[in-house]
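Let me begin by handing over the structure; questions about it come next.
Per chain, numbering begins at 1; letters A, B, ... match sequence-line order. The basis for the numbers below is simple: all heavy atoms, side chains too, and nothing from hydrogens, waters or symmetry mates.
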Number of protein chains: 2
Amino acid sequence: MRDVNDSSGLGLRERKRAQTAEAIHIAAAELVLENGLDETTIDAISARADVSNRTFFNYFPSKEDAVLGIDEGAVAAELDKVHDTQEDPLAAVFDLIYAIFEASGGKQRKELSRAVIRKHPQLMTRQMARVADLEDRLSEIIAGWLRDDERFADDTDAERLEQARLILGICLSTVRISMRRWAGHDHSGSGAGSSDTPDPRKIYERAIATLRTVMEKLS
Amino acid sequence: MRDVNDSSGLGLRERKRAQTAEAIHIAAAELVLENGLDETTIDAISARADVSNRTFFNYFPSKEDAVLGIDEGAVAAELDKVHDTQEDPLAAVFDLIYAIFEASGGKQRKELSRAVIRKHPQLMTRQMARVADLEDRLSEIIAGWLRDDERFADDTDAERLEQARLILGICLSTVRISMRRWAGHDHSGSGAGSSDTPDPRKIYERAIATLRTVMEKLS
DNA sequence: CGCATTCTTGCACTCTCTGCAAAGTTGCGC
DNA sequence: GCGCAACTTTGCAGAGAGTGCAAGAATGCG
């Protein structure tokens with residue numbers, strides 16, 4: 001998909017393509033904020049982004065993807081630079097999910113997406129389901145990590161794979177719920193107003209802390 | 001989905017309605033098994049079930065629901081008979097999910113659904129997403145249980161709700177992965193073929209055991 | 001039997017999404 | 001600059017999902 005011949009930086013083509021994608025995403029998010037998810041048609045998004053209906057589908061496979069600004073290529077690229085050795089599997093899985101999510105994102109995007117997700121939490125579930133499509137690939141990566149972990153050393157490959165799936169699922173749930181909190185967190189408060197958008201890393205740290213708390217209480 | 005053969009006290013109308021739902025479900029599942037999920041159209045399902053396209057939508061809101069034979073009414077009914085006091089939150093949540101799943105299910109249904117899920121694991125994710133739609137209601141129920149649990153006694157209501165959401169998510173992931181195993185388990189063995197379908201309860205017991213194992217290893 | 005309720009169905013319609021082919025752009029070597 | 005190759009945009013045609021409506025059929029109950 002990516003062109004390999006970069007003589008100096010990015011060509012006009014790639015820049016234009018990125019611009020169009022951004023325009024469609026912004027249009028989609030704004031319209032959904034104004035009118036709601038179901039009330040926003042792809043025709044309307046295309047019109048605001050000044051492209052044809054057909055071109056919309058050249059950039060995003062669905063309305064939801066456009067609203068969230070998901071860049072399939074960036075996600076795939078992220079998967080290819082996964083590191084081999086990892087200390088704590090749980091932390092590593094969170095890092096992985098974090099990387100995938102951050103893969104598609106500018107700055108403006110995030111504020112918009114946050115507002116959109118606050119208005120339509122179902123999108124978050126959808127987002128997770130998307131990651132779940134990568135379940136097989138991700139699980140194998142995680143299972144590979146587990147092989148190097150003494151606590152899973154006695155298991156068979158099949159057992160490790162199943163446990164990897166479970167760990168992935170658990171981490172995804174944790175992230176989703178934390179994101180929900182993030183989206184729902186009202187930052188129009190009175191306090192010092194500097195950077196009131198939470199640092200994404202903080203969200204993940206908090207997520208992993210919550211998970212550990214719950215796991216301890218339940219064991 | 002109500003048992004078609006259970007005519008106790010039900011009028012002809014209700015029996016016929018159950019029969020039609022069953023017929024549509026069977027037709028959908030069989031066609032998907034034969035031709036695949038995307039290749040099966042609602043028109044084809046309707047034709048095999050001998051109803052009109054329009055009638056299909058009187059029974060199921062989507063193709064996926066028909067394939068899985070989901071009975072929205074039965075699920076809702078199940079939610080209403082949730083017990084108050086519960087011993088172990090984790091076990092209780094599994095019981096709850098179990099009840100919801102079993103709510104829609106005849107006997108024949110299960111063998112079919114199993115084969116279908118084996119062929120199209122995405123349906124399982126979809127199934128879980130459906131339960132996730134009940135997240136708010138379920139989470140509140142679970143949060144109520146947590147209030148009676150000493151380990152969560154010091155938390156605020158908001159904290160308990162968030163942890164309830166997380167617990168629900170974790171249990172759902174666990175169930176999904178166990179179901180995957182269940183669907184994938186090859187039962188074409190040599191022995192007598194009657195009841196080699198694993199007992200659903202066993203699946204849940206195994207699921208909860210797997211979860212505990214992983215949680216212990218990760219703490 | 002007759003009336004109210006419910007179920008089925010056809011019809012028309014919107015919306016998502018895909019394939020195809022024609023026309024326009026861009027990049028690059030010459 | 002020229003022209004070719006690659007890429008992009010767009011319109012068009014069409015399948016498929018899903019909904020609202022209203023006419024007509026089946027059912028149940030008094």
Side-chain angles (χ1 to χ4, degrees), chain A residues 1-24 27-28 31-32 35-68 70-73 120 122-123 126 129-130, chain B residues 2 4 7 9-24 27-28 31-32 35-68 70-73 120 122-123 126 129-130 133:
Chain A
M1 198 169 270
R2 287 263 156 96
D3 220 341
V4 196
N5 56 355
D6 44 29
S7 47
S8 60
L10 291 174
L12 174 59
R13 237 171 208 161
E14 302 207 6
R15 256 179 297 138
K16 240 190 153 180
R17 201 173 162 78
Q19 275 177 12
T20 307
E22 183 88 356
I24 294 175
L31 279 172
V32 167
N35 306 327
L37 185 57
D38 288 344
E39 289 71 27
T40 303
T41 67
I42 290 181
D43 283 353
I45 297 171
S46 307
R48 180 175 290 207
D50 256 311
V51 293
S52 73
N53 178 309
R54 192 62 188 78
T55 297
F56 175 94
F57 289 106
N58 285 340
Y59 284 86
F60 296 100
S62 72
K63 185 163 62 175
E64 283 78 11
D65 279 41
V67 171
L68 293 172
I70 289 170
D71 181 347
E72 194 57 56
H120 299 283
Q122 331 114 18
L123 284 172
R126 204 129 184 173
R130 260 186 38 76
Chain B
R2 289 173 191 110
V4 176
S7 55
L10 293 174
L12 174 59
R13 233 169 210 161
E14 304 205 9
R15 257 180 296 141
K16 238 190 154 179
R17 199 171 164 78
Q19 275 178 12
T20 306
E22 182 89 355
I24 294 175
L31 280 172
V32 167
N35 307 326
L37 186 57
D38 289 343
E39 290 71 26
T40 302
T41 67
I42 290 181
D43 283 352
I45 297 171
S46 307
R48 180 175 291 207
D50 256 312
V51 294
S52 73
N53 179 308
R54 194 61 189 78
T55 297
F56 175 95
F57 290 106
N58 285 339
Y59 284 86
F60 296 101
S62 73
K63 185 164 61 178
E64 283 78 10
D65 278 41
V67 170
L68 293 171
I70 289 170
D71 181 347
E72 195 56 56
H120 299 282
Q122 331 114 21
L123 284 172
R126 203 128 186 173
R130 261 186 37 76
D133 288 344

Answer whether the closest heavy-atom distance between the side chains of B:Leu37 and B:Gln122 falls below 4.5 Å. yes
Protein and nucleotides 3-7 of chain C: nitrogen or oxygen contacts under 3.5 angstrom:
residue, atom, partner, partner atom, Å
C:dT5, O2, B:Arg13, NH2, 3.0

List for me each residue that meets side-chain hydrogen bond (donor to acceptor under 3.5 Å, both in side chains) alongside B:Asp43, sequence neighbours excluded, and say none if there are none. B:Asn53
Residue pairs, two or more places apart or on separate chains, that pass salt bridge (Lys or Arg N to Asp or Glu O under 4.0 Å) and touch residues 46-56 of chain B: B:Glu30-B:Arg48, B:Glu34-B:Arg48
Heavy atom of residues 37-44 of chain A under 4.0 Å from DNA chain D: which residues? none
Just how far, in rounded Å, is P of D:dA17 from CD of B:Glu64? 9 Å
How close or far is atom C1' of C:dT8 from atom CZ of B:Phe56, stated in whole angstroms? 15 Å
Which atom of A:Val67 lies closest to which atom of A:Val32, heavy atoms considered: CG2-CG2, 3.6 Å
Quick one: does B:Val51's side chain get under 4.5 Å of B:Tyr59's, heavy atoms only? no
Can you see which heavy atom on A:Phe56 is nearest to which on A:Ser46, and at what distance? CB-OG, 3.5 Å
Taking every non-hydrogen atom, the tightest pair across A:Lys63 and A:Thr40: NZ-O, 2.9 Å
What is the distance from CD of A:Gln19 to C1' of C:dT26, rounded to the nearest Å? 15 Å
Name all residues meeting the side-chain hydrogen bond (donor to acceptor under 3.5 Å, both in side chains) criterion together with A:Ser52; count only those two or more places apart in sequence or in a different chain, and write none if there are none. A:Thr55
Please find the pair of heavy atoms, one from A:Asn58 and one from A:Arg17, that lie closest to each other, and give the distance. O-NH2, 3.3 Å
Whole-Å gap separating C1' (C:dG27) and CZ (A:Arg15): 13 Å
Whole-Å gap separating C1' (D:dA15) and NZ (B:Lys63): 12 Å
Of all the heavy-atom pairs spanning B:Ala66 and B:Ile24, show the shortest one and how long it is. CB-CG2, 4.4 Å
Check A:Phe60 against A:Ile70 and note the closest heavy-atom contact, atom names and distance. CE2-O, 3.4 Å
In whole angstroms, the gap separating C1' of D:dG11 from CZ of A:Phe57 amounts to 14 Å
Under a 4.0 Å heavy-atom cut-off, which of residues 47-55 of chain B touch DNA chain C? B:Val51, B:Ser52, B:Arg54, B:Thr55
For C:dT26, take OP1 and OP2 only and decide whether either is under 4.0 Å from a side-chain N or O of A:Lys16. yes
Take the protein atom CZ of A:Phe60 and the nucleotide atom P of C:dT16, then report the distance between them rounded to whole Å. 15 Å
